[in-house]
There are 2 protein chains.
Amino acid sequence: MRKTKRITIKDVAELAGVSKATASLVLNGRSKELRVAEETRDRVLAIAKQHHYQPSIHARSLRDNRSHTIGLVVPEITNYGFADFSHELETLCREAGVQLLISCTDENPGQETVVVNNMVSRQVDGLIVASSMLNDTDYQKLSEQLPIVLFDRHMNDSSLPQVITDSITPTRELVADIARQHPDEIYFLGGQPRLSPTRDRLEGFKQGLAQAGVTLRPEWIIHGNYHPSSGYEMFAALCAQLGRPPKAVFTAACGLLEGVLRYMGQHNLLQSDMRLASFDDHYLYDSLAISIDTIRQDNRQLAWHCFDLIGKLIEGETPDPLQRKLDATLQRRYKTAG
Amino acid sequence: MRKTKRITIKDVAELAGVSKATASLVLNGRSKELRVAEETRDRVLAIAKQHHYQPSIHARSLRDNRSHTIGLVVPEITNYGFADFSHELETLCREAGVQLLISCTDENPGQETVVVNNMVSRQVDGLIVASSMLNDTDYQKLSEQLPIVLFDRHMNDSSLPQVITDSITPTRELVADIARQHPDEIYFLGGQPRLSPTRDRLEGFKQGLAQAGVTLRPEWIIHGNYHPSSGYEMFAALCAQLGRPPKAVFTAACGLLEGVLRYMGQHNLLQSDMRLASFDDHYLYDSLAISIDTIRQDNRQLAWHCFDLIGKLIEGETPDPLQRKLDATLQRRYKTAG
DNA sequence: GTGAAAGCGCTAACAC
DNA sequence: GTGTTAGCGCTTTCAC
């Protein structure tokens with residue numbers, strides 16, 4: 001293992017019979033502008049190629065005080081939406097010669113602090129975060145040290161750069177549609193009430209009811225958290241309380257939906273005529289027994305904007321606008337009888 | 001942005017009125033063994049804490065010629081199995097103070113070369129790869145430079161360190177069961193015939209037929225590739241050829257199954273009595289209209305062994321055994337009538 | 001046109 | 001007990 005020792009610029013220089021400085025110029029393609037003799041240049045390049053010279057990224061990072069690395073912090077990489085987003089972002093990074101570091105928080109604010117500190121100590125040039133925190137004070141402070149972009153979730157009136165999907169509009173439209181079919185019973189299952197996705201989607205839910213002329217009943221709104229099991233429990237409790245499955249349910253995120261589906265699978269409810277809708281899409285929903293309407297985020301756009309923001313911030317530019325809101329798409333699967 | 005300039009060990013030393021060397025000793029917790037005065041030590045530590053001193057990882061990496069970073073290369077992070085594996089591996093790495101770099105190849109050998117080179121140039125200490133290559137010559141060569149562990153897929157007689165799930169045994173058992181129910185028609189949809197998962201799972205398929213006393217018909221075996229669309233196309237062609245859906249199908253990986261399900265969804269076949277089975281599990285399969293038997297890999301074990309191997313290799317140890325084969329679990333969902 | 005030297009932040013040998 | 005120094009690999013003035 002590790003037989004071949006690294007070849008350094010000093011080695012290349014010596015082999016080519018020039019100084020480190022000259023070799024450096026040539027290898028950085030600045031030989032033209034700084035008038036290095038063509039013959040010298042070719043010699044250096046030949047040696048470098050022949051010995052597979054690769055610059056030490058550590059030496060460079062140390063010198064430049066730049067790691068060409070950015071961090072991505074997400075709640076769960078096993079969540080299809082975040083995986084898709086990560087993939088898109090990784091592609092953008094690779095094309096730009098930037099290395100992406102990915103860490104998961106498991107929806108746990110304590111762990112979020114750990115992984116973020118970890119990335120800071122790794123001297124990432126910037127940080128892109130889908131935070132599980134309730135407020136942005138930590139990030140506000142951190143953003144004095146390095147560029148931060150929040151996405152997917154946003155905090156109360158945060159002024160930090162951020163990219164989110166507009167949840168309210170599509171939720172309103174979808175919920176209004178469902179409410180017209182089931183004006184007497186439509187439940188909202190959400191995560192922590194203080195997290196922005198919950199608040200926004202609940203707002204959309206309320207607007208949807210209003211739009212359909214349906215009066216909200218307080219018991220329709222149920223809060224839990226975004227842990228996988230929470231959707232299951234909320235739905236189980238609801239079924240127990242009603243003595244039957246509800247007529248219509250909107251879940252605020254795919255994790256919650258997952259729990260609901262698990263319960264339904266275990267209790268043979270998948271063939272029922274319950275109307276189910278959710279934020280977040282998944283390709284397997286096309287193959288489920290039950291037709292679920294969903295709201296699909298555009299992860300490619302999301303990733304692009306995050307990358308654009310963080311890149312500009314790192315370069316010291318001031319991107320405009322600093323906060324971006326993207327459109328989602330309704331994915332309708334439910335077919336109204338007749 | 002970036003108001004606060006980094007504080008270095010030199011700053012700490014000066015503020016504490018000691019030399020860099022002393023400060024370094026103290027900060028690395030080696031003050032006891034090298035008899036630094038307690039008073040000095042406390043002073044240094046106080047200053048460091050007060051100014052939030054954080055060592056420069058780049059300087060350290062440069063000096064130690066170690067990045068405390070390992071690379072993970074997977075075909076698709078959006079594939080649930082790989083996402084789950086990545087998550088497990090990331091947790092292990094974090095606990096060990098190692099940073100994990102993740103890159104995707106999109107099942108494309110050319111891109112695999114790119115991302116691997118990328119990681120090498122990032123000077124990762126080791127590399128864990130689920131390769132889409134047909135042979136291991138590239139990795140054989142690369143392993144002279146740095147430790148490599150292959151997982152999930154293995155190449156022909158490769159002697160490189162690797163961790164794989166035993167596909168043959170569970171596939172045989174599952175297929176034998178299906179073959180007893182449908183001795184006259186059971187199809188195998190696989191990826192590239194030369195990739196190890198395809199070969200192993202096909203071998204298990206054949207053994208399963210033999211075990212059930214069923215004679216294999218050559219037309220039952222269909223090869224495509226592991227791209228999402230391939231399963232769809234193979235299955236569509238099969239349905240077209242038969243003029244009806246097949247009675248029983250085994251797909252060699254979840255990507256292929258995804259394609260089959262998409263076709264079935266579009267053609268209202270999800271309620272049919274076709275028997276479907278596959279390698280790789282997904283939590284949503286519990287909620288599908290059709291009951292799919294699957295073979296579930298143990299990603300936590302898989303990640304643990306990869307981490308164990310790469311860690312030991314990096315430390316210069318020779319792990320034993322160098323190649324590991326783990327057991328999978330049958331996830332039965334199909335209920336035989338009666 | 002090219003080379004010598006300094007410095008990025010850190011640690012380890014070796015003085016004192 | 002503590003300080004001095006050299007060196008990890010690279011780039012960038014500034015001389016020559």
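Proteins get letters first, then strands, A, B, ... in listed order; numbering begins at 1 in each.
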(request) If a pair satisfies salt bridge (Lys or Arg N to Asp or Glu O under 4.0 Å) and one of its residues is in residues 83-96 of chain B, list it, with sequence neighbours excluded. (result) B:E88-B:R300, B:E90-B:R94
(request) Send over the distance from B:D11 CG to C:dG9 P, rounded to a whole Å. (result) 8 Å
(request) Without swapping roles, check the side chain of B:Q123 against the backbone of B:R66 for a donor-acceptor pair under 3.5 Å. (result) no
(request) Ignoring backbone atoms, establish whether B:T40 has a side-chain N or O less than 4.0 Å from OP1 or OP2 of D:dT2. (result) yes
(message) Using 30° and 60° as the class boundaries, would you call the ring planes of A:F85 and A:F151 parallel, tilted or perpendicular?
(response) parallel
(request) Write down the distance between CZ (A:R66) and C1' (D:dT12), rounded to a whole number of angstrom. (result) 18 Å
(request) Please report, rounded to the nearest Å, how far the C1' atom of C:dC10 is from the CD1 atom of B:I57. (result) 12 Å
(message) On DNA chain C, compare the nucleotides closest to A:V36 and A:K20; which residue's is nearer the 5' end?
(response) A:V36
(message) When you measure from the side-chain N and O atoms of B:S19 to the phosphate of D:dT2, is any distance below 4.0 Å, counting only OP1 and OP2?
(response) no
(message) Do A:T22 and A:R41 pair up side chain to side chain, a donor and an acceptor below 3.5 Å, judged on atom types alone?
(response) no
(message) Side-chain N or O of A:S56 versus OP1/OP2 of D:dC8: is the shortest distance under 4.0 Å?
(response) no
(message) For C:dG1 and A:R41 - does any side-chain N or O of the residue sit under 4.0 Å from the phosphate oxygens OP1/OP2?
(response) no
(request) Choose from C:dG3, D:dG1, D:dT11 the nucleotide whose nearest atom is closest to any side-chain atom of A:T22. (result) C:dG3
(message) What is the distance, to the nearest angstrom, from the NZ atom on A:K10 to the P atom on C:dA4?
(response) 12 Å
(request) Starting from C1' on C:dG3, measure out to CG on A:L25 and report it in whole angstrom. (result) 11 Å
(message) If you only use heavy atoms from C-beta on, which nucleotide in D:dT11, C:dT2, C:dA4 is closest to the side chain of A:A21?
(response) C:dA4
(request) Can you figure out which of C:dG3, C:dG9, D:dT11 approaches the side chain of A:L62 most closely? (result) C:dG9
(message) Once you apply a heavy-atom cut-off of 4.0 Å, does A:D64 come out as touching a base, just sugar-phosphate, or nothing?
(response) nothing
(message) Rounded to whole Å, please give me the gap between CZ in B:R60 and P in D:dG9.
(response) 18 Å
(message) I want to check one thing: is the phosphate of D:dG9, taken as OP1 and OP2, less than 4.0 Å away from some side-chain N or O of A:T8?
(response) no
(message) Closer than 4.0 angstrom, basic N to acidic O: yes or no for A:K312 and A:D320?
(response) no
(request) Indicate whether OP1 or OP2 belonging to D:dT12 is found under 4.0 Å from a side-chain N or O atom of A:R30. (result) yes
(message) Below the 4.0 Å mark, does C:dG9 have OP1 or OP2 next to a side-chain nitrogen or oxygen of B:R6?
(response) no
(request) In whole angstrom, give the distance that lies between atom CG of A:N65 and atom C1' of D:dT11. (result) 14 Å
(request) Check whether any side-chain nitrogen or oxygen of B:R63 sits under 4.0 Å from OP1 or OP2 of C:dG9, and answer yes or no. (result) no
(request) Return the value, rounded to whole Å, for the distance between atom CD of A:E14 and atom P of C:dT2. (result) 17 Å
(message) I want to check a possible cation-pi pair here: B:R153 against B:Y226, using under 6.0 Å from ring centre and within 45° of the ring axis as the test.
(response) yes
